[in-house]
**Q** 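Okay, here's the structure, questions in a sec.
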Amino acid sequence: MRATAAALLAPRLTCSTSRVPLSSPRLPLRRIAAMAAASSSSFSPEAARSPPALELPAPPLSKFKVALCQLSVTADKARNIAHARAAIEAASADGAKLVLLPEIWNGPYSNDSFPEYAEDIEAGGDAAPSFSMMSGVARSLQITLVGGSIAERSGNNLYNTCCVFGSDGKLKGKHRKIHLFDIDIPGKITFKESKTLTAGQSPTVVDTDVGRIGIGICYDIRFQELAMLYAARGVHLLCYPGAFNMTTGPLHWELLQRARAADNQLFVATCAPARDTSAGYVAWGHSTLVGPFGEVIATTEHEETTIIAEIDYSLIEQRRQFLPLQHQRRGDLYQLVDVQRLGSQ
């Protein structure tokens, strides 16, 4: 794991224009924000998001442990389910109140495997053993579980779906991957999820015992508009179960996480499967927790492991005072439109 950058940044951070430390009693943080708001009032920052951005809600917990379970995945579905349950139980025993699983953790990541390993979440029971395990373990351990993703069968369609469970074991949200992974890098990697999967049609924001969470799956992280939309809906944390590959992983995986966190001044948590070089699709690994300044709080390499790290939501407000972006957006020049929120008003 890397040392937390937040502790290093905060004491030394200064305002480049005045050279007065942001923590100086001569210039309180709230005054800096007020000055920024006053100086940019003609920019109409509130109009930069339509409908206007929601206030960040007070989370039920402001500080807690999160676990990122970087699991090995095999072709044996029953083994994968039992293995994931054991990892979740171990993470809870270590104090985690929020646990994340990887993308497509109950079987191989391939177009051939998606139909075979898909589950009917609506039917539940024997038709959805992965779903049932996650619900049961969340309830028994009284944790919030972001269940990575599994292939979901609904009617004639297959989806790449992330289920979020509350501490009562009930399904609190279900995100179907919005942006399908269709890429072609000659000589490196070609994959088209659209051969078997259907794209989801809705962003997913879930209020949980550990705050308001926005969900994306892997390729969703490349689209900053989705993260901006989640930020405008008042989320504290962006969670992206993902399985970047050996071509794009080294280049973009950490870069995208840090960008989404820094752009929106939020926490970002990702969870990947462990690397299996014998698999048809080889995952990069490197599950990571990033703070609202774009700092890497905790990360790992490619082996199977569980990261336990602390999330402290008070850092969000602190970082937003350091850099008051919400008061500086140029609503006179650009606007993010949340179509679904606008249509519900």
Side-chain angles (χ1 to χ4, degrees), residues 5-59 62-63 203 205 207 211-214 216 221 223-239 255-269 290-297 311-342 344-345:
L8 302 175
L9 286 169
R12 295 200 299 261
L13 190 62
T14 60
C15 176
S16 60
T17 55
S18 65
R19 298 185 182 179
V20 177
L22 289 175
S23 58
S24 168
R26 293 166 51 199
L27 196 60
L29 293 175
R30 59 180 176 273
R31 185 181 167 197
I32 293 173
M35 289 168 59
S39 64
S40 62
S41 59
S42 62
F43 297 162
S44 302
E46 72 286 346
R49 302 181 187 273
S50 179
L54 301 176
E55 290 291 328
L56 194 70
S62 61
K63 186 183 294 186
V205 174
D207 284 308
R212 184 170 293 175
I213 301 175
I221 199 173
F223 299 87
Q224 64 268 39
E225 298 89 347
L226 181 63
M228 292 167 64
L229 184 152
Y230 284 154
R233 292 188 181 188
V235 308
H236 304 94
L237 168 67
L238 302 173
C239 289
L255 172 68
L256 289 166
Q257 296 173 62
R258 297 184 68 188
R260 298 295 84 83
D263 287 350
N264 298 287
Q265 299 175 306
L266 298 170
F267 283 88
V268 171
V290 181
F293 229 39
E295 72 275 24
V296 174
I297 295 174
I311 287 178
D312 182 354
Y313 286 144
S314 70
L315 291 177
I316 297 177
E317 183 59 31
Q318 183 190 72
R319 301 321 190 201
R320 290 181 178 185
Q321 289 178 324
F322 288 170
L323 293 173
L325 305 183
Q326 68 271 31
H327 302 298
Q328 299 169 331
R329 299 189 188 280
R330 293 296 300 270
D332 56 325
L333 298 180
Y334 51 73
Q335 185 180 74
L336 173 75
V337 179
D338 186 338
V339 175
Q340 292 185 344
R341 275 186 64 207
L342 196 64
S344 66
Q345 290 187 336

**Q** Do Met228 and Asp263 have side chains that get closer than 4.5 Å, going by heavy atoms?
**A**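 When only atoms from C-beta onward are counted, Asp263 and Met228 do not touch, as no gap falls below 4.5 Å.
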
**Q** Applying side-chain contact (heavy atoms from CB on, under 4.5 Å) to Asp332 and Ser42, what does each step give before you reach the verdict?
**A** CA-CA 8 Å; Asp332 56 325; Ser42 62; over 6 Å; no

**Q** Quick test of your reading: applying side-chain hydrogen bond (donor to acceptor under 3.5 Å, both in side chains), list the pairs with at least one residue in residues 223-236, sequence neighbours left out, ordered by first then second residue.
**A**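 Sorted pair list: Arg233-Asp338.
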
**Q** Look up atom OG in Ser44 and atom CZ in Arg330, then write down how far apart they are to the nearest 0.5 Å.
**A**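 One finds 9.5 Å between OG of Ser44 and CZ of Arg330.
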
**Q** Using side-chain heavy atoms (C-beta onward) and a distance below 4.5 Å, is Phe293 in contact with Leu315?
**A**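 A side-chain contact is absent here, since even the closest heavy-atom pair is not under 4.5 Å.
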
**Q** How long is the straight-line distance from CD of Gln321 back to NE2 of His327, given to the nearest 0.5 Å?
**A**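 Reported to 0.5 Å precision, the distance equals 9.0 Å.
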
**Q** Grab the two heavy atoms, one from Ala261 and one from Gly291, that are nearest each other, plus how far apart they are.
**A**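 Taking every non-hydrogen atom into account, CB-O, 3.4 Å.
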
**Q** May I ask you to test the Leu333-Phe43 pair for a side-chain heavy-atom distance under 4.5 Å?
**A**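 SC-SC contact between Leu333 and Phe43 ruled out.
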
**Q** Using every non-hydrogen atom in the two residues, find where Pro52 and Arg341 come nearest and quote the distance to one decimal.
**A**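 Taking every non-hydrogen atom into account, O-NH2, 3.1 Å.
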
**Q** Could you report the tightest heavy-atom contact between Ile213 and Val235, atom names first, then the distance?
**A**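 Distance-wise, the nearest heavy atoms are C-CG1, 4.1 Å.
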
**Q** Measure the spacing between CD of Glu295 and CZ of Arg258 and express it to the nearest 0.5 Å.
**A**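 If we round to the nearest 0.5 Å, Glu295:CD and Arg258:CZ are 8.5 Å apart.
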
**Q** Please say which of Leu238, Val290, Val296 ends up in a side chain to side chain contact (heavy atoms under 4.5 Å, CB included) with Gln257.
**A**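 Output: one option passes, namely Val290.
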
**Q** Please report the closest heavy-atom contact between Ala47 and Gln335, naming both atoms and the distance.
**A**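 Nearest heavy atoms, Ala47 then Gln335: O-NE2, 3.1 Å.
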
**Q** Can you name the salt bridge (charged side-chain N to carboxylate O under 4.0 Å, His left out) partners of Arg49, sequence neighbours left out?
**A**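 Salt bridge (charged side-chain N to carboxylate O under 4.0 Å, His left out) list for Arg49, sorted by chain: empty.
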
**Q** Only one of Arg320, Arg212, Gln265 clears side chain to side chain contact (heavy atoms under 4.5 Å, CB included) with Leu56; which?
**A**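 The option that passes is Arg320.
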
